[in-house]
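Have a look at the structure below, then the notes.
Bear in mind the structure is a predicted one, so any value in this text is a computation, not a measurement. Proteins come first, then strands; the chains are lettered A, B, ... in the order of their sequence lines, and each starts at number 1.
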Amino acid sequence: MSEEKSLNFIEEIVEADLKSGKYSSIVTRFPPEPNGYLHIGHAKSICLNFGLALKYGGKTNLRFDDTNPVTEDTEYVDSIKDDVRWLGFEWAEERYASDYFEQLYGFAVQLIQKGLAYVDDSTSEEIAMQKGTPTQPGTNSPFRDRSVEENMTLFAEMRDGKYKDGEKVLRAKIDMGHVNMHMRDPIIYRIKHAHHHRTGDTWCVYPMYDFAHGQSDAIENITHSVCTLEFIPHRALYEWFIEQLGIFPSKQYEFARLNMTYTVMSKRKLLQLVNEGFVNGWDDPRMSTISGMRRRGYTAPAIREFCDRIGIAKRDNLIDVGLLEFCVREHLNKIAVRRMVVFDPLKVIITNHNGETEMLSSENNPEDLNAGNRDIPFSNELFIEKDDFMEVPSKKYFRLAPGQMVRLKSAYIIRCDEVVKDAVGNITELHCTYIPESKSGSDTSGINVKGTLHWVSAKHAVHAEVRLYDRLFKVEDVGNAEGDFKDHINTDSLEVIPNAFAEPALAMDSAEDRYQFLRKGYFCLDKDSTPEKLVFNRTVTLKDTWAKEQKKS
RNA sequence: UGCCCGAUAGUAUAAGGGUAGUACAACUGAUUUUGGUUCAGUAUGUCUUGGUUCGAAUCCAGGUCGGGCAACCA
C-alpha cells in the first residue's frame with residue numbers, strides 16, 4: 001500500500017508550513033460570488049480547498065464574496081450551497097463578506113487616519129486617465145492630498161447617503177507610479193444605492209473586492225487563500241492592506257483555472273446561454289454547471305475523481321472533456337443497473353415460438369453480482385434496434401443479417417429467415433426462428449455466435465422518452481476560437497427520442513438509480529419524468545469501438 | 001515596449017543534480033452472452049542557445065513562444 005502520490009505545489013507549501021511549525025493546522029475557504037451557478041471549474045477549486053483541509057487536518061469555510069449588490073442574489077446562494085453539499089463537502093462555517101461590512105468600514109477609517117486613503121471626487125473616466133498604462137506611470141489625483149479630517153468627514157457623508165452613485169470614491173493612497181497597476185491608488189469603496197441581498201438598505205457604500213477579500217481571509221484566520229492565476233497582480237495589494245491594517249497574515253496562492261474542450265466556463269457566457277435560450281436553464285444537462293452535470297447523471301464521486309486526476313499547476317491548460325467522461329463511465333460501470341431499451345425499433349417475429357410469455361432472468365450488473373437479477377419477459381414478437389440488422393452486411397458486421405444468427409442477451413440464439421418489406425421496399429419486420437436449446441444459462445446448442453443484441457418483448461414493452469445529449473460546441477477550444485463563442489454552438493446537441501421501448505423492469509425503479517441501457521450508454525431519470533411518462537437523460541455513451549471501426553472505412 | 005506568470009508525448013500531470021514516469025486519448029492483440037468491462041502490449045515528450053557539473057527536465061544567463069496586467073466586477 002505504498003501509494004506515493006506526488007504532491008501538487010500547494011500541498012507542498014502546506015506541508016512545509018506545517019513542518020516548520022508556522023501553523024499547526026490550516027484553514028482554507030471557498031469564496032464564490034453569488035452571481036451565478038457553480039461550474040466544473042469551481043468544482044476544481046472546491047475539491048482543492050476542501051481537499052486540503054481534509055488531507056492536512058483543518059477546516060474550510062464557505063464564504064460568499066457578496067460585495068456587489070447589483071449582481072448578487074439569494075437564488076445563487078442557495079444553488080451554490082446545494083452544489084457544494086452535493087459534491088460531498090461540508091464547510092466549517094458559512095460566512096459572507098457582508099457579515100464584515102462594519103468591520104471593513106472600520107478598516108477604511110483606519111487607513112484614512114493613517115493618511116493612507118482619501119476621498120476622490122474624480123469621475124471614473126478621470127480616474128482611468130490618472131491610472132496611466134502598463135508602460136507609463138500614472139498621475140496623482142487633484143484630491144489626493146485632502147486632509148485626514150476632510151477625508152473623515154467626506155467618507156462619513158458617503159456612508160450617510162449624502163452623495164449619488166459615482167460622485168465620490170475612497171481610494172488607497174499608495175503610488176501612482178507603481179509598476180503594478182493595482183497599486184496605483186486603487187478604489188476601495190464606491191457608492192451604490194442598491195438593495196443588498198442580505199444587508200438590505202443598510203449600506204450605500206460597498207467595499208471593492210481588493211478591500212474585502214484579504215481582510216475577510218484575515219478575519220477568518222485563513223492560512224492558505226487559494227485563488228486563480230488572474231489574481232496574481234492583486235497579491236501585492238492583498239499583502240499591503242494586511243500589513244497596513246496589522247491583521248492576520250493570510251497568504252494568497254494562485255493556480256491555473258480549469259479549461260475544458262468543447263465547453264465554456266465563464267459565468268458571463270453561461271448566463272448568456274441561459275438568457276438567450278440556447279439551453280433550458282442553468283441546470284440544462286448540456287451545461288458545464290454542477291447542477292447541469294448532476295441533472296445529466298454525472299456522479300459526485302466521478303467529478304471528484306476528475307478533479308483529482310487533472311492536477312493543480314500554474315500553466316494554462318485545456319483538459320480533454322473525454323477525461324471527465326472517462327471518470328463518469330468508470331464510476332457508472334460499477335454502480336449502474338443494466339436494462340434493455342430499444343430506441344429505433346425493428347419488429348422481429350419468432351415464427352417457431354407459441355407466443356406464450358416466458359420469464360427470463362438477467363443480471364442487474366455483471367460488475368457487481370450483489371446487485372442481483374431481474375426478470376425479463378420473452379415472447380414471439382420482439383423489437384430489436386434497426387441498426388442491428390443489415391440486409392447486406394459489411395465485412396466485420398456481426399449482428400443480424402439474412403441467414404445469420406445472433407444471441408439475444410439473456411435469451412436465445414435466433415436466425416433470420418426472412419425479411420419482410422412494404423410496398424416501397426422499407427423493411428417492416430424480420431421473421432426469425434429461435435433455437436430452444438440455446439437458452440441463456442443452459443445452452444446445449446453448441447452454437448457460437450459473435451454478436452449479442454439487446455431486445456424487448458413488444459407486448460410487454462413500456463414507453464419512455466429518451467434525451468440524447470452531445471457536446472454543446474463544435475470546436476475544441478471555444479475560448480480561443482474565431483468570432484463570437486455562440487457562432488460555434490452545436491445545434492444538434494439535443495436529440496429527443498419520444499418513444500423508446502423499454503423492458504418493464506425500468507418502470508419500477510427509483511429516481512436515484514443510474515442505468516446502463518445495454519449497448520447504448522448510461523442514463524438517469526430526468527426531473528421531467530412522471531409515472532405516466534418516463535423521461536431519461538443520456539449521461540454518457542458507452543465507449544464505441546464499432547463506431548470507430550466504421551469511421552475508418 | 002514596462003512588469004508578472006508559465007513552457008515535459010495529442011491532452012494533462014510527475015521526476016526537486018543521477019534510468020524521463022503515470023493517466024486520458026491513439027494503435028495491436030487476448031478475454032467477453034454488452035463491438036461495454038477486464039487484461040497484455042506498442043508508439044509518441046523535456047521550447048531554444050550557451051554556461052556550471054563526472055552528470056541538467058531540474059541550477060545560472062540570453063533568446064523564443066504562450067498567457068496576464070489600465071472595470072466605481074469578482
Side-chain angles (χ1 to χ4, degrees), chain A residues 5-8 12 31-33 35 65-68 70-72 97 120 123-124 127-138 165-171 178-182 184 187-192 206 208-210 212-213 227-236 254 256 261 267-268 309-320 322-327 329-330 333-334 338 340 362-363 366-367 396-399 406-411 413 438 440-441 443 448-454 476 516-522 541-550:
Chain A
K5 219 202 156 212
S6 51
L7 304 176
N8 65 52
E12 283 174 1
E33 184 189 11
N35 68 346
D65 232 329
D66 55 351
T67 56
N68 185 3
V70 301
T71 58
E72 295 153 6
D120 195 334
T123 65
S124 73
I127 290 174
M129 289 299 285
Q130 292 160 16
K131 282 261 177 183
T133 71
T135 51
Q136 284 175 301
D165 288 10
E167 219 176 312
K168 285 179 167 45
V169 293
L170 184 70
R171 285 228 256 174
H178 202 107
V179 286
N180 183 339
M181 298 288 293
H182 295 272
R184 321 241 263 227
I187 294 170
I188 59 178
Y189 260 92
R190 75 290 215 194
I191 300 169
K192 277 180 192 283
Y206 293 93
M208 296 288 288
Y209 165 85
D210 285 309
H213 200 97
C227 61
T228 45
L229 255 29
E230 65 269 30
F231 291 99
I232 289 175
H234 294 251
R235 190 173 60 228
E254 312 87 6
T261 55
K267 281 196 228 172
R268 196 195 98 243
R309 284 181 185 241
I310 57 178
I312 301 292
K314 297 188 79 159
R315 61 188 97 106
D316 292 327
N317 59 78
L318 180 63
I319 307 278
D320 187 345
L323 180 61
L324 213 206
E325 294 174 343
F326 168 84
C327 294
R329 287 191 189 103
E330 183 182 50
N333 180 48
K334 289 186 199 133
R338 315 291 137 128
M340 295 199 282
S362 188
E363 71 273 15
E367 306 297 317
K396 288 180 188 163
Y397 190 80
F398 45 83
R399 277 113 96 146
V406 292
R407 167 162 304 274
L408 298 178
K409 170 70 182 173
S410 296
I413 292 173
S438 68
S440 271
D443 184 350
N448 268 323
V449 293
K450 272 194 285 187
T452 300
L453 309 184
H454 64 281
E476 248 189 15
Q516 185 195 105
F517 291 174
L518 239 57
R519 305 208 298 139
K520 285 290 180 189
Y522 294 98
T541 60
L542 255 25
K543 202 170 124 195
D544 193 347
T545 47
W546 169 239
K548 205 181 286 175
E549 186 66 38
Q550 284 177 302

Exercise for the section: Would you confirm whether A:R190, through its side chain, and A:V169, through its main-chain N or O, come within 3.5 Å as a donor-acceptor pair? Expected result: no
Exercise for the section: Without swapping roles, check the side chain of A:N35 against the backbone of A:E72 for a donor-acceptor pair under 3.5 Å. Expected result: no
Looking only at atom [atom1], what distance separates [N] and [M], rounded to whole Å?
N: B:U8; M: B:C65; atom1: C1'; answer: 15 Å
N: B:U19; M: B:G55; atom1: P; answer: 15 Å
N: B:G41; M: B:A74; atom1: C1'; answer: 50 Å
N: B:A9; M: B:G21; atom1: P; answer: 14 Å
N: B:A23; M: B:U33; atom1: C1'; answer: 31 Å
N: B:U48; M: B:A56; atom1: P; answer: 15 Å
N: B:C47; M: B:U53; atom1: P; answer: 23 Å
N: B:A57; M: B:G6; atom1: C1'; answer: 15 Å

As an exercise, state the distance from [atom1] of [X] to [atom2] of [Y], rounded to the nearest 0.5 Å.
X: A:H454; Y: A:S362; atom1: NE2; atom2: OG; answer: 13.0 Å
X: A:E230; Y: A:E254; atom1: CD; atom2: CD; answer: 9.5 Å
X: A:E367; Y: A:Q516; atom1: CD; atom2: CD; answer: 8.5 Å
X: A:R519; Y: A:W546; atom1: CZ; atom2: CH2; answer: 11.0 Å
X: A:L170; Y: A:I191; atom1: CG; atom2: CD1; answer: 10.0 Å

Practice task
Using a 4.0 Å cut-off on protein heavy atoms (strictly under), produce a 5'-to-3' string for nucleotides 22-42 of chain B with B for base contact, S for backbone-only sugar-phosphate contact, and - for none.
Solution key: -SS-SSS----BBBBS-----
Practice task
Sugar-phosphate means primed atoms, P, OP1 and OP2; the rest is base. With that split, encode nucleotides 65-74 of chain B 5' to 3' as B, S or - using protein heavy atoms under 4.0 Å.
Solution key: --S-SB-BSB
Exercise for the section: Check the pair A:E363 / A:K409 against salt bridge (Lys or Arg N to Asp or Glu O under 4.0 Å), numbers first and verdict last. Expected result: CA-CA 11 Å; A:E363 71 273 15; A:K409 170 70 182 173; 3.1 Å; yes
Practice task
Remember a base hit wins even if backbone is also touched, and classify A:I413 as base, sugar-phosphate or nothing at under 4.0 Å, heavy atoms.
Solution key: nothing
Handout entry: B:C5 phosphate, OP1 or OP2, under 4.0 Å from A:R235 side-chain N/O
Key = no
Handout entry: Atom-to-atom span, NZ of A:K314 to P of B:A14 - whole angstrom
Key = 13 Å
Exercise for the section: Decide side-chain contact (heavy atoms from CB on, under 4.5 Å) for A:D316 and A:L229; before the verdict, give the C-alpha distance in whole Å, the side-chain angles of both, and the deciding distance to 0.1 Å. Expected result: CA-CA 9 Å; A:D316 292 327; A:L229 255 29; 4.0 Å; yes
Practice task
Report the stems of RNA chain B as range-with-range entries sorted by first number; a stem here is at least three consecutive pairs, Watson-Crick or G-U wobble, both distances under 3.5 Å, and write none if there are none.
Solution key: B:2-7 with B:64-69, B:10-13 with B:21-24, B:26-30 with B:38-42, B:47-51 with B:59-63
Exercise for the section: Begin from the C-alpha positions of A:Y209 and A:E33 and carry the test side-chain contact (heavy atoms from CB on, under 4.5 Å) through to its verdict. Expected result: CA-CA 10 Å; A:Y209 165 85; A:E33 184 189 11; over 6 Å; no
Exercise for the section: Give the minimum heavy-atom separation between A:M181 and A:G132, together with the two atoms involved. Expected result: CE-O, 3.8 Å
Handout entry: Full working for side-chain contact (heavy atoms from CB on, under 4.5 Å) between A:I413 and A:D443
Key = CA-CA 9 Å; A:I413 292 173; A:D443 184 350; 4.3 Å; yes
Handout entry: A:T135 or A:N8, whichever maps to the more 5' nucleotide of RNA chain B
Key = A:T135
